[in-house]
Structures are given as structure tokens and as C-alpha cells.
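Worksheet for the structure shown next.
Since the model is a prediction, treat every value here as computed from it, not as a measurement.
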Amino acid sequence: MTYVSGFLAPVPTANKSAYLASAEKSWPLFKDYGALSMLENWESDVPDGQVTSFPLAVKREEGESIIFSWIVWPDKATADACWATMETDPRWKEMDMPFDGKRMIFGGFDTIFEA
């Protein structure tokens, strides 16, 4: 089964085009390091919650939208090898991050079902 790196982050709504450009620019690098696919999703129906919610999780502020994205890998070892290159491959330093990375949530997941 595959392995998934998932991300949730608040992005200034005004930076939607810049975010998309950054995602498009990063895909060739992820692909070079073995990623099978990458999906970037922009908030369209993300309600506020009282106890838990995507907006609460990333401390969404006025004028921000939430992105929900993931990268599919053949396995965890391939994902880990890619993440290790963030400090050694100079192409990563050319990437813009048009959002507050301190409020980004991320994690790795083993796929247990796929249809």
C-alpha cells in the first residue's frame, strides 16, 4: 500500500494564485524524488467549529482560506528520503511559501484502504 504525507494550512485568500504557482513549481521536485501524485485543495465549504474544526486547528484568521493537500508516495522510505533533501537540494530553497508555515499541520499516514 502507498504512504501519504498530508497537510492543512491557512493561506491568505489574496495569495491563492501564489499558492497555486508554488504548488505547481514544487511538483517536479516531489516527482523527481518518487512521489506518485500530489493533490492541492482550496477551501470551499469549511465550517467553523466550537470544539474541533479545520479553522480551529490552524487558527484561521480573517482573510484566510484553508488548504488541504496530500502527496502520495510508494512507501514511507521514499517520502522520508525526499524530506531529507530539503536541506541538501538547493531547488527547495527556490520555493516560495505564501502562507504562515508555523500554523501548518502535517503528518504521514499509512494507506489502509484504497478504491
So F54 and F68, ring-ring contact (aromatic ring centres under 6.0 Å, His included) or not? Walk me through it.
-> CA-CA 9 Å; F54 284 164; F68 176 50; 5.8 Å; yes
How far does CD of E94 sit from CG of D89, to the nearest 0.5 angstrom?
-> 8.5 Å
Identify the heavy atoms of V46 and P55 that sit nearest to each other, and give their distance.
-> CG1-CD, 3.6 Å
Indicate, with yes or no, if L39 and I67 share a hydrophobic cluster defined by side-chain heavy-atom contacts under 4.5 Å among Ile, Leu, Val, Met, Phe, Trp and Tyr.
-> no
Can you tell me if S5 and W73 form a side-chain donor-acceptor pair at under 3.5 Å?
-> yes
C82 SG to F30 CZ distance, which is reported to the nearest 0.5 Å = 5.5 Å
How long is the span from the CG atom in D32 to the OG1 atom in T85, to the nearest 0.5 Å?
-> 9.5 Å
Between CG of D75 and OH of Y3, what distance do you get to the nearest 0.5 Å?
-> 10.0 Å
Going by atom type alone, with no hydrogens or angles, which donor-acceptor pairs under 3.5 Å involve a side-chain atom of residues 98-113 and a protein atom two or more places apart or on another chain?
unit_1 : atom_1 : unit_2 : atom_2 : d
D100   : OD1    : K102   : N      : 3.0
D100   : OD2    : R103   : NE     : 3.1
R103   : NH1    : V58    : O      : 3.3
R103   : NH1    : K59    : O      : 2.7
R103   : NH1    : E64    : OE1    : 3.0
R103   : NH2    : E64    : OE1    : 3.4
R103   : NH2    : E64    : OE2    : 2.5
T111   : OG1    : T2     : O      : 3.0
T111   : OG1    : T2     : OG1    : 2.9

List the steps, then state whether side-chain contact (heavy atoms from CB on, under 4.5 Å) holds for V11 with S65.
-> CA-CA 5 Å; V11 178; S65 296; 5.6 Å; no
Spatial distance of atom CE (M95) from atom OG (S22) [nearest 0.5 Å] = 7.0 Å
With sequence neighbours left out, which residue pairs that include part of residues 46-57 fulfil the salt bridge (charged side-chain N to carboxylate O under 4.0 Å, His left out) condition?
-> D48-R60
Are the side chains of S37 and I71 in touch, meaning some heavy atoms are under 4.5 Å apart?
-> no
Nearest non-hydrogen partners of P74 and G34, listed with the distance = CD-O, 3.2 Å
Distance-minimising heavy-atom pair for K25 and L29 | O-CD1, 3.8 Å
Give the cluster check for L8 versus M97: same hydrophobic cluster or not, with ILVMFWY residues linked at side-chain heavy-atom distances below 4.5 Å.
-> no
The reported gap from OG1 in T13 to OH in Y19 (rounded to nearest 0.5 angstrom) is 13.5 Å
Do Y33 and M38 belong to the same hydrophobic cluster, where Ile, Leu, Val, Met, Phe, Trp and Tyr are linked whenever their side-chain heavy atoms lie under 4.5 Å apart, directly or via other members?
-> yes
